[in-house]
Protein chains: 4
Amino acid sequence: MTTQSANPRYRSERSHKAILDAALKLCLEQGFAKTSVDAIAKEAGVGKQTIYRWWPSKTAVLVEAINRLGATSVGFPDTGDIYADLRTQMVAVAEYFRTTESSTYREVIGAAQSDPAAAQAILDTLVTPRVQDCRRRLERAQQQGQIRADADLDDVVELIYAPLYYRLLLGTRPTAPEQVEVILNLVFDGLRPRTPEPASGVSGS
Amino acid sequence: MTTQSANPRYRSERSHKAILDAALKLCLEQGFAKTSVDAIAKEAGVGKQTIYRWWPSKTAVLVEAINRLGATSVGFPDTGDIYADLRTQMVAVAEYFRTTESSTYREVIGAAQSDPAAAQAILDTLVTPRVQDCRRRLERAQQQGQIRADADLDDVVELIYAPLYYRLLLGTRPTAPEQVEVILNLVFDGLRPRTPEPASGVSGS
Amino acid sequence: MTTQSANPRYRSERSHKAILDAALKLCLEQGFAKTSVDAIAKEAGVGKQTIYRWWPSKTAVLVEAINRLGATSVGFPDTGDIYADLRTQMVAVAEYFRTTESSTYREVIGAAQSDPAAAQAILDTLVTPRVQDCRRRLERAQQQGQIRADADLDDVVELIYAPLYYRLLLGTRPTAPEQVEVILNLVFDGLRPRTPEPASGVSGS
Amino acid sequence: MTTQSANPRYRSERSHKAILDAALKLCLEQGFAKTSVDAIAKEAGVGKQTIYRWWPSKTAVLVEAINRLGATSVGFPDTGDIYADLRTQMVAVAEYFRTTESSTYREVIGAAQSDPAAAQAILDTLVTPRVQDCRRRLERAQQQGQIRADADLDDVVELIYAPLYYRLLLGTRPTAPEQVEVILNLVFDGLRPRTPEPASGVSGS
DNA sequence: TCATAAGCGAGACGGTACGTCCGGTCTTTGG
DNA sequence: CCAAAGACCGGACGTACCGTCTCGCTTATGA
């Protein structure tokens with residue numbers, strides 16, 4: 001998942017892995033901001049140049065490292081019930097956002113606000129693939145009539161995940177898994193009062 | 001709107017204002033990340049110490065500066081139509097998020113990811129007051145039956161604004177004012193297919 | 001012993017003394033270099049301005065403070081034996097130069113190397129008066145034939161005291177009182193071998 | 001002639017020399033006290049860190065720079081006449097002490113009064129080697145009977161040079177070369193009146 | 001007796017330099 | 001020719017002091 005250029009197949013896989021591991025470890029221990037490239041190099045037993053040869057910045061290293069962590073998780077579940085599947089996935093995300101280790105992700109997104117290349121890498125590497133997974137699941141649900149036919153699915157994906165990111169990045173409140181139900185409820189049923197029948201049950205499919 | 005301590009009545013209002021102005025100007029010209037405290041001090045014709053005396057960090061200076069900019073805007077509109085009022089307000093936010101000057105806000109939020117004190121200052125100074133404005137408007141709407149009685153209004157505020165922040169901070173796509181309609185439509189009517197009647201009009205009350 | 005200008009009889013003797021005392025105390029505790037004007041002001045319970053009103057610099061304050069310390073010591077002894085009187089006086093100086101408190105004097109002379117006004121103050125206040133005392137004593141000795149008639153007494157004063165200052169300021173070796181005898185012996189008898197008789201006993205009186 | 005530690009063979013000789021040259025130049029132009037480490041670094045086209053890596057302080061840089069200047073001068077002259085040789089050497093020192101460039105040396109000694117490490121460096125690098133040169137010359141003279149056999153030569157060296165340093169550091173009067181004769185005359189012949197001795201003896205011999 | 005003028009404690013101010021840290025590049029040495 | 005080690009230039013950091021300034025308050029003088 002290298003972002004940089006300038007060399008061929010001579011790359012040392014040993015150093016590659018050591019750098020990613022060291023970067024993650026140090027970020028966990030002291031935070032992304034306090035983790036310097038020098039420190040990563042030293043921790044990895046690697047020359048600083050070796051880092052700069054393969055990544056354009058500290059942020060890029062961590063984008064790759066974070067991605068490698070999350071790469072194990074497979075795609076979106078599909079039980080046939082879109083509400084349940086979204087809940088499953090969102091709860092996983094909400095749980096992750098509550099852990100300390102998500103701080104690194106959070107800080108990386110923060111750093112990317114001043115680093116367009118890093119922002120692009122985050123999008124391409126971390127966000128878009130997962131968004132696409134979600135979107136594909138939504139498409140099936142829409143075809144099955146579980147979701148309004150006129151809804152733009154890109155908008156829907158954002159509507160669903162945005163509250164989690166909002167809380168992560170603004171720190172208004174923790175992304176508790178219980179809140180996932182609340183969000184999904186609102187998103188599925190909308191704000192408008194159900195005129196005849198008194199706002200019926202919430203979840204379902 | 002000072003964030004720091006250590007002082008009494010001796011404060012020079014002239015320096016105070018010069019610092020906020022200089023900070024905003026430099027951030028506009030070269031971005032928050034490339035704006036150093038030294039540069040702000042020089043631009044403001046002020047000793048660096050004077051900045052550190054009153055603010056704990058560059059980020060804190062800009063939180064106050066940004067707040068002062070937005071302080072002119074009065075509260076939430078109330079025409080009686082919650083949908084229209086939300087649209088008015090969201091369009092204003094979306095417009096702001098599209099301008100270059102919002103980059104400063106964006107980068108400040110980014111920096112706050114590694115600076116809990118700054119994050120708190122953003123919440124207290126910038127976010128919470130505006131969220132409360134919105135919330136109060138929603139309360140009136142709920143009392144008037146324009147919004148489901150069982151909806152938690154804090155959740156609603158987040159649901160509405162989160163997509164704008166999501167796009168601002170992840171850079172998925174610009175926060176075009178046209179998108180505001182789409183978001184509001186989804187939020188008001190929900191994802192669930194309208195069973196008998198084909199997804200009716202959007203606004204209304 | 002003020003060095004500065006700008007004022008009349010309104011001077012607060014209380015503050016004057018407090019400043020001198022505080023300056024000496026802090027220099028003893030932490031050295032002249034680490035003693036700031038702010039610290040002196042605070043220790044003395046005095047505004048910084050009050051120091052700058054009466055002295056041009058920290059160094060000037062300490063010149064006066066040191067002088068006040070030494071002002072108690074009366075003039076040069078005169079027992080009729082110039083050798084003995086010089087020894088008495090030199091031993092006193094050598095003892096002082098060995099103590100920790102002479103560090104302040106030493107550092108003040110050091111600071112004066114980059115501050116001509118301070119250098120002049122040291123000369124006028126501390127050095128010249130004592131040199132004149134010594135010179136007057138030497139004049140009487142010369143008239144009594146105890147010192148070569150052709151010796152320039154200014155040169156003699158310097159020749160005698162210079163080795164003590166040399167050791168103080170270059171730190172070659174401590175100014176042990178025993179060394180005073182050695183110096184005086186050399187100065188009185190000279191380096192040249194006593195041709196007929198093999199250089200006999202050393203001191204006298 | 002490095003004074004600091006922390007490094008091996010990677011040192012850039014180019015930077016090393018540029019720093020010493022810049023330091024001397026700036027001290028000549030504006031004095032040691034007004035010469036900042038930042039200014040030296042800038043003048044030398046060098047990072048400040050590079051200075052701090054190899055020297056503990058500005059003073060240490062100048063000790064080395066001054067030493068390099070004087071390193072060209074070879075040892076003590078030896079014409080067989082100790083009086084003449086001392087005069088030659090002392091005149092050279094006196095001339096140097098009169099020039100503007102000795103101000104740097106003077107200020108460095110001044111700064112060392114508040115910096116024991118620098119004081120030691122001055123001793124080891126600048127003073128002791130030259131003192132030893134002088135001492136060795138005196139030893140030969142003593143063996144040849146040109147100097148009293150019972151004179152301690154370390155004392156003699158100090159006795160001779162101390163008046164020059166005294167005038168340099170206390171600024172009583174300039175170290176005019178003509179004064180060298182006067183000093184040497186006193187030092188060689190002593191203060192005691194010569195033979196027919198009328199005036200009752202003060203001391204012995 | 002009181003007005004006034006100054007010194008005074010306090011401390012913020014513009015400014016300079018400090019010594020440290022880190023980013024990104026270059027150089028040295030070894031495999 | 002890659003890689004470790006790490007020195008290098010540059011620039012920003014946050015702190016410490018400098019000497020000046022502005023505040024109210026107190027205090028001594030002399031009208």
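So you know, we letter chains A, B, ... as the sequences are listed, proteins then strands, and number each from 1. All of these numbers come straight from a predicted model, not from anything done at the bench.
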Inset, instruction - For B:T104, check side-chain hydrogen bond (donor to acceptor under 3.5 Å, both in side chains) against everything at least two apart and list the hits. - result: none

Legend entry - Shortest non-hydrogen contact from C:C27 toward C:L62: SG-CD1, 3.5 Å

Legend entry - Atom-pair distance (CG on A:D115; P on E:dG24), nearest Å: 9 Å

Legend entry - Sequence neighbours excluded, every pair satisfying salt bridge (charged side-chain N to carboxylate O under 4.0 Å, His left out) that has a member inside residues 104-122 of chain B: none

Inset, instruction - Of all the heavy-atom pairs spanning D:A111 and D:T59, show the shortest one and how long it is. - result: CB-OG1, 3.9 Å

Inset, instruction - Report the distance from atom CD of D:Q30 to atom C1' of E:dT16, rounded to the nearest whole Å. - result: 13 Å

Inset, instruction - Please check the phosphate of F:dG19 (OP1 and OP2 only) for any side-chain N or O of C:W55 closer than 4.0 Å. - result: no

Inset, instruction - Would you indicate, yes or no, if F:dC9 has its OP1 or OP2 atom less than 4.0 angstrom from a side-chain nitrogen or oxygen of D:T50? - result: yes

Inset, instruction - Using a heavy-atom cut-off of under 4.0 Å over every strand shown, decide if B:S15 touches base, sugar-phosphate, or nothing. - result: sugar-phosphate

Legend entry - Lys/Arg-Asp/Glu bridge criterion (N-O < 4.0 Å) met for B:D21, B:K25: no

Legend entry - Separation of E:dC18 C1' from D:I40 CD1 (nearest whole Å): 13 Å

List every contact pair, protein side and nucleotides 15-17 of chain F side both N or O, where the distance is under 3.5 Å.
from   : atom 1 : to    : atom 2 : distance (Å)
F:dA16 : N7     : B:Q49 : NE2    : 3.2
F:dC17 : N4     : B:Q49 : NE2    : 3.4

Inset, instruction - Nearest-nucleotide wise, let me know which of D:A41 and B:K58 is further upstream toward the 5' end of DNA chain F. - result: D:A41

Legend entry - Length of the CD1-C1' vector between D:I19 and F:dG10, whole Å: 14 Å

Inset, instruction - For C:E13 and for B:G45, locate the closest nucleotide of DNA chain E by heavy-atom distance; then report the residue assigned to the nucleotide nearer the 5' terminus. - result: C:E13

Legend entry - Protein-to-nucleotide contact annotation, 5' to 3' order, nucleotides 26-31 of chain F [B base; S sugar-phosphate only; - none; under 4.0 Å, heavy atom]: ---SS-

Inset, instruction - Answer yes or no: is there a donor N or O on one side and an acceptor on the other, between the side chain of C:S103 and the main chain of C:T100, under 3.5 Å? - result: yes

Inset, instruction - Among A:V108, A:V37, A:V63, find the residue that satisfies the side-chain contact (heavy atoms from CB on, under 4.5 Å) test when tested with A:K58. - result: A:V37

Inset, instruction - To the nearest Å, give me how far apart CZ (A:R14) and C1' (F:dA4) are. - result: 11 Å

Legend entry - Interatomic distance where CG belongs to D:L26 and C1' belongs to E:dT16 [whole Å]: 16 Å

Legend entry - Nearest-Å distance for atom pair CZ/C1', residues B:F32 and F:dA12: 13 Å

Inset, instruction - Can you sort out the partners of D:S15 under side-chain hydrogen bond (donor to acceptor under 3.5 Å, both in side chains), two or more places apart, ordered by chain and number? - result: D:S12

Inset, instruction - Provide, to the nearest angstrom, the distance between the CZ atom belonging to B:R53 and the C1' atom belonging to E:dG11. - result: 8 Å

Legend entry - Contact list for residues 26-40 of chain B, test side-chain hydrogen bond (donor to acceptor under 3.5 Å, both in side chains), sequence neighbours left out: B:D38-B:K48

